[in-house]
Amino acid sequence: MFKLYPGYHLVQAYHKLRYERRFHPDKIFTRSAEIVLVVLATLLVWNLPTTFFGIDGLTVVQQRIIAIFVFATLMWVLHLISSWATSVAIMGLMLLFTSTSGVSFMCNPDEVGELLPYKGIMACFADPVIMLFIGGFILAIAATKTGLDAQLAKVLLKPFGKKSDHVLLGFLLITGLFSMFVSNTATAAMMLTFLTPVFKQLPPEGKGRISLALSIPVAANLGGMGTPIGTPPNAIAIKYLNDPEGLNLNLGFGEWMMFMVPLVAVLLFLSWMLLRYMFPFTQKTVELKIEGGMKKNTQTYIVIVTFFVTVALWICEKWTGINSYTVALIPFVVFALTGIIDKNDLEEINWSVIWMVAGGFALGYGLNQSGLAALAIESVPFGDFSPIVILLISGFICYLLSNFISNSATAALLMPILALVCSAMGDKLAPIGGTSTVLIGVAIAASSAMILPVSTPPNALAYSTNLVDQKDMSKIGLIVGVVSMILGYALLYLMGTMHMI
């Protein structure tokens, strides 16, 4: 979907950076060794005697799911191929070797145990949460085609005037707002493009350029926390929190925003204070000029009305009875019928993110549908675990991994396991606010990871401008990330103990 954005060249620079880092000729031997390691580890777990795992009643199908989980973990952590490609491989392996449509001589239920319904695995790509993502992408594409995003940025930034510190605050708040509904990568690309004329006005020796350049990734990463569609880890958390056959907490779109939007606002304000202190402006005023604007035609007004109606329905889910997944298809229907979105626009949907999330859902489906989750609950004394330990370890692992690999992949790995652990612990989690504190906490930790240029796409985009040093990014990323986790977990604990979520 990034070809539509003014900052598309920045996205290209980001992908070039990632490609050169991953496929540099000097790393051929290392990559080959890592591939061999993944294959050997997967085959070892696949072929071990079932008694080795110490789980009574473990079937061959369940053992294969464990092996596929090991494969996914290593592939995502080592990043040998794209995250979405690993997800496609997960679904392929599950269909071929654990499903009712698998290889016949390897999938005899009398020998390997109960098989997974192949339709269930394939349905992971059409999960209601996937529909939520598609609705978000469609809204973003329509806003860009009609110039609504540029017009909104122009109108919303105007009140901040010309004072440098106020312009910085404006970019933080508007980037954070956009990232709640639009891909944070697309938002960062667009907002960095709007900053280009501002950079030219600031003296090269000053720190104002650094402050403005860093404001975009910081705000994009934090802003994504605000809504369930803001970033994939949020949607993955919603998936497991609301699963009717699992936790079934029925957390709505509006309820999520009710406590997360104020958190984002506070974090953005604190980020503004930090950036002003660490990278102060030497030039006190700047002239803000944003090119482009809204097309004044019928289609634009349809997009405006549809956008606000969709957001209103998301927020009022509890009163209307229409869940957020169904609401997400309304803009798709309206824009398709009115010709605002055509078949070429469908190619602009970020399908790699959708496949990434679907693969994670397939892992969770395999754990539950195969009965492996139930066996693990019986075999491992989760009830004896300390709630505080679970909370701290899950947040730390997510934060650590998300700084080096996709936060979507991290959430896809951790959420199914934590949902299982939380279910088994039951009321023992009440002192820390319940299951929601753990799972939403992981989503917060994923968005808080922003230390390195490769930690998130917005970080890489800002780094590609050559205005930001890695040490500056690491410094502000570490401080903002730690503050974000502390305040986020404190809020979740408070909300949970007050039974507000």
Side-chain angles (χ1 to χ4, degrees), residues 22 34-48 53 59-103 106-107 112-130 133 232-233 235-237 239-240 243 246 350-373 376 398 401-402 404-420 442 446:
R22 196 186 316 157
E34 289 173 339
I35 291 170
V36 171
L37 171 66
V38 172
V39 172
L40 289 178
T42 305
L43 290 175
L44 177 64
V45 176
W46 190 288
N47 292 291
L48 283 169
F53 297 88
T59 67
V60 174
V61 166
Q62 291 166 343
Q63 179 179 348
R64 289 175 183 174
I65 291 171
I66 295 174
I68 292 170
F69 194 91
V70 170
F71 166 80
T73 302
L74 292 174
M75 290 297 284
W76 276 331
V77 170
L78 296 175
H79 213 278
L80 299 177
I81 57 176
S82 298
S83 297
W84 68 267
T86 298
S87 287
V88 173
I90 291 167
M91 298 181 76
L93 289 170
M94 290 180 68
L95 286 166
L96 288 171
F97 302 112
T98 69
S99 79
T100 51
S101 183
V103 181
M106 295 186 70
C107 294
V112 301
E114 185 178 355
L115 296 167
L116 302 175
Y118 75 91
K119 290 184 179 179
I121 299 173
M122 290 183 172
C124 291
F125 188 75
D127 188 273
V129 173
I130 299 294
F133 265 116
I236 296 171
K239 157 77 173 177
Y240 289 102
D243 186 358
N350 198 343
W351 294 106
S352 62
V353 169
I354 291 175
W355 275 111
M356 168 69 248
V357 173
F361 289 169
L363 276 179
Y365 176 80
L367 287 172
N368 287 294
Q369 186 66 30
S370 68
L372 182 58
C398 181
L401 286 177
S402 294
F404 298 96
I405 68 172
S406 158
N407 59 14
S408 305
T410 303
L413 284 174
L414 293 179
M415 292 290 186
I417 298 173
L418 290 172
L420 163 68
V442 166

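Not measured: the values here are computed from a predicted model.
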Side chain to side chain contact (heavy atoms under 4.5 Å, CB included) with [X]: which residues, sequence neighbours excluded?
X	result
L48	L44, F52, F53, Q63
T410	C398, L401, S402, I405, L414
L95	S99, Y118, I121, M122
A89	F71

Non-hydrogen atoms of [X] and [Y] that approach each other most closely:
X	Y	value
P416	A411	CD-O, 4.1 Å
P233	N407	CG-O, 3.6 Å
A412	M356	CB-CE, 4.1 Å
I90	G359	CG2-O, 4.0 Å

Carefully, step by step, assess V357 and I236 under the rule side-chain contact (heavy atoms from CB on, under 4.5 Å).
-> CA-CA 7 Å; V357 173; I236 296 171; 4.2 Å; yes
Given I81, which of V88, I35, T86 fulfils the side chain to side chain contact (heavy atoms under 4.5 Å, CB included) condition?
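Considering V88, I35, T86, a side chain to side chain contact (heavy atoms under 4.5 Å, CB included) with I81 is found only for T86.
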In this structure, CD1 of I66 is separated from CD of Q62 (nearest 0.5 Å) by 7.5 Å
- Check ring pair (Phe, Tyr, Trp, His ring centres under 6.0 Å) between F125 and all other residues, then give those that pass, not counting sequence neighbours.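 In terms of ring pair (Phe, Tyr, Trp, His ring centres under 6.0 Å), with neighbours along the sequence ignored, F125 is linked to W355.
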Sequence neighbours excluded, the answer for ring pair (Phe, Tyr, Trp, His ring centres under 6.0 Å) partners of F133 is none
Practice task
Before giving the answer on side-chain contact (heavy atoms from CB on, under 4.5 Å), spell out for S83 and W76 the whole-Å C-alpha distance, their side-chain angles and the decisive distance to 0.1 Å.
Solution key: CA-CA 6 Å; S83 297; W76 276 331; 3.8 Å; yes
Original post:
Which residue pairs pass the salt bridge (Lys or Arg N to Asp or Glu O under 4.0 Å) test when at least one of the two sits in residues 118-127, sequence neighbours left out?
Top reply: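 The answer is D127-K239.
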I'd like a table of donor-acceptor pairs (distance under 3.5 Å, sequence neighbours excluded) in which one partner is a side-chain atom from residues 361-369, with atom names and distances.
| unit_1 | atom_1 | unit_2 | atom_2 | d |
| --- | --- | --- | --- | --- |
| N368 | ND2 | G364 | O | 2.9 |

Next item on the list: With sequence neighbours excluded, tell me which residues meet side-chain hydrogen bond (donor to acceptor under 3.5 Å, both in side chains) with T42.
Entry: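 Expected list: none.
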With sequence neighbours left out, the residues meeting side-chain hydrogen bond (donor to acceptor under 3.5 Å, both in side chains) with S101 are none
Original post:
Taking it one step at a time, do I417 and F69 satisfy side-chain contact (heavy atoms from CB on, under 4.5 Å)?
Top reply: CA-CA 11 Å; I417 298 173; F69 194 91; 3.3 Å; yes
| said: Test side-chain contact (heavy atoms from CB on, under 4.5 Å) on C107 and R64; report intermediate values, then the result. | reply: CA-CA 11 Å; C107 294; R64 289 175 183 174; 4.2 Å; yes
